[in-house]
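Just below is one structure, and these are the notes that go with it.
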Protein chains: 2
Amino acid sequence: MASDASAEPRAWEQVLQHIERRLLDGELAPGDRLPGERVLAAELGVGRSSVREALRVLEVLGLIRTHAGSGPTAGAIIIATPGGGMSALMRLQVAANGFPVADIVAMRLVLEASVADGLAAASALVPQTDAPDLEPADRLLDAMDAPDLAPAEFLALDAAFHLALAEASGNQVITATMAGLRSGIEGYARAGLATIADWHATSDRLRGEHRGVVAAIRAADAASARSRMHDHIAGYYAETFIDPAPAPARTPPSR
Amino acid sequence: MASDASAEPRAWEQVLQHIERRLLDGELAPGDRLPGERVLAAELGVGRSSVREALRVLEVLGLIRTHAGSGPTAGAIIIATPGGGMSALMRLQVAANGFPVADIVAMRLVLEASVADGLAAASALVPQTDAPDLEPADRLLDAMDAPDLAPAEFLALDAAFHLALAEASGNQVITATMAGLRSGIEGYARAGLATIADWHATSDRLRGEHRGVVAAIRAADAASARSRMHDHIAGYYAETFIDPAPAPARTPPSR
DNA sequence: GGTTCGGTGTGGTCCGACCACACGTGGTAA
DNA sequence: TTACCACGTGTGGTCGGACCACACCGAACC
């Protein structure tokens, strides 16, 4: 499955594998600086172009961050930013019709409902220090109460609210995935705003649903939190979806 | 959030944005061939190296496939392979400690349970043609009954079985994510095999659990399918987990 | 002592060159 | 006429060199 059986040791792939191995061996960890591109090229016996191609991949995947210049902040530094790569992946896959928007929404439904469920269950924990931190979500909900909020601003706060809930769950993978899913359908969400007839009524309803979800979480009512979240998201998409057609008959990519 | 506000028009990023825009505009679709690297470079006024860096990213993300030579199969062809990029992302993020293994397992739990739940619900559909196709999963289960199966082979079939269920759900995003999650913890799963004392008993139990899940799906018993799947996965990881320590105090990547 | 001005090493980019590869095509031989 | 083979051509893959902007850092200067 790893596509390394026998065939293609392309130069940039060697670089990627080398770095991955050093990561797995613990020789490289977040915060460390990678050797310079020229050094890396010499060490691996490849050209600098190939090293750069591998570094570019790592950068897009959120593995490293590069800065020019000198000093401790310069060079390629390992940062395991979970969300970055996921967003790029989702966005581009959607653009290329690899990920149907409906499937993204469906998965978001599953994930958000589970997060709400899990948060409610965790809220019942006896040591309150172990209970999830809903403060950031609360602050976002308060911000959304501002009366003169433009739809786009509301949408951004809404996205941040859902992301805050995911973060409260403590699961970095779910958080990153959620951020990625949202990036993938961001364009559709923006376009969907135009289809809403009465924005005032809709935003009021959304505000109420948000509060209801958080209240259910705080009440440790897992079933209610799950269903409220589910209905909240499903309802919104049912209202704003631009293109209900799931998948037009397109030529299969095939080989 | 999209990090495009004002600052960095790095050359390779321009190429990426150009291609993404053409995808969104429908000028490029799966199956199409991208212009040659030299042509693309000339069109965008950047060097070929920058074009290649962008293409490398697209390739790792599963957006394109490149072939040298001539003819209709040569060049960079757009393929929206959903799973490829996800696997690379998960694998590298795990390697860099960006994704805790425990979080991946937790998310897998959520996803698999939901898939089982959804499949069971869909099995109740009246037009049987719309019911999920469990044939591939059945075949894999039969293959797992072979008595002389090495643990590693069993593990591969097990992974394929779970993936087949995801595919049966028809959700490409969930399928790709599932494949990615598995790639991320593949190393741990392999290592976990060594910790199993009585492989014969364990594999027998797994076989039974698999059959039970499929039976519950066929019976359209969503609750049972969900809980069986949940217990199946949770139980397995509880048995084989190598490093139960969730996250050692590591230096924050930060900036 | 404080300030300034190069040196130095970093990534970012471009260019030119060469290679392996695979398809087409045209000439050639049967 | 037909089958075969060799070469041309365009593709990605790779390398090396060159130059740039940048940021630090230290030495020289005021």
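Note that these values count all heavy atoms, side chains included, but never hydrogens, waters or copies made by symmetry. Residue numbering restarts at 1 for every chain, and letters A, B, ... go by the order of the sequence lines.
A/R48 meets the side-chain hydrogen bond (donor to acceptor under 3.5 Å, both in side chains) test with A/E37; sequence neighbours excluded. With sequence neighbours left out, B/D142 forms a side-chain contact (heavy atoms from CB on, under 4.5 Å) with B/D145, B/R211. Remark: A/H210 pairs with A/F161, A/H162, A/H232 by the ring pair (Phe, Tyr, Trp, His ring centres under 6.0 Å) rule, at least two apart or across chains. Scanning for side-chain hydrogen bond (donor to acceptor under 3.5 Å, both in side chains) contacts around B/Q14 gives an empty result, with sequence neighbours left out. Contacts of B/D133 classified as side-chain hydrogen bond (donor to acceptor under 3.5 Å, both in side chains), with partners at least two apart in sequence or in another chain: none. In this structure B/E20 satisfies the side-chain hydrogen bond (donor to acceptor under 3.5 Å, both in side chains) test together with A/R91, sequence neighbours excluded.
Counting non-hydrogen atoms under 4.0 angstrom, A/A74 reaches nothing in the nucleic acid.
Contact check on B/R56 versus B/E53 returns no salt bridge, with no Lys/Arg side-chain nitrogen under 4.0 Å from an Asp/Glu carboxylate oxygen.
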With a 3.5 Å cut-off and sequence neighbours excluded, list the donor-acceptor pairs that the side chains of residues 21-31 of chain A form with protein atoms.
residue : atom : partner : partner atom : Å
A/R22   : NH1  : A/E27   : OE1          : 3.4

Output a table of donor-acceptor pairs, distance under 3.5 Å, between side-chain atoms of residues 134-141 of chain A and any protein atom two or more places apart or on a different chain; print 'none' if there are none.
residue : atom : partner : partner atom : Å
A/D138  : OD2  : A/R218  : NH1          : 3.3
A/D138  : OD2  : A/R218  : NH2          : 2.5

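The ring-ring contact (aromatic ring centres under 6.0 Å, His included) pairs that include a residue from residues 40-84 of chain B number zero, where partners must be two or more places apart or lie in different chains.
Non-hydrogen atoms lying under 4.0 Å from DNA chain D are contributed by B/G36, B/E37, B/R38, B/R48, B/R52, B/R56, all within residues 33-57 of chain B.
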Below 3.5 Å between N/O atoms, which protein atoms pair up with nucleotides 22-26 of chain C? Just atom names and distances, please.
none

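Put simply, chain A comes within 4.0 Å of DNA chain D, heavy atom to any atom, from D/dG13 to D/dC24, going 5' to 3'.
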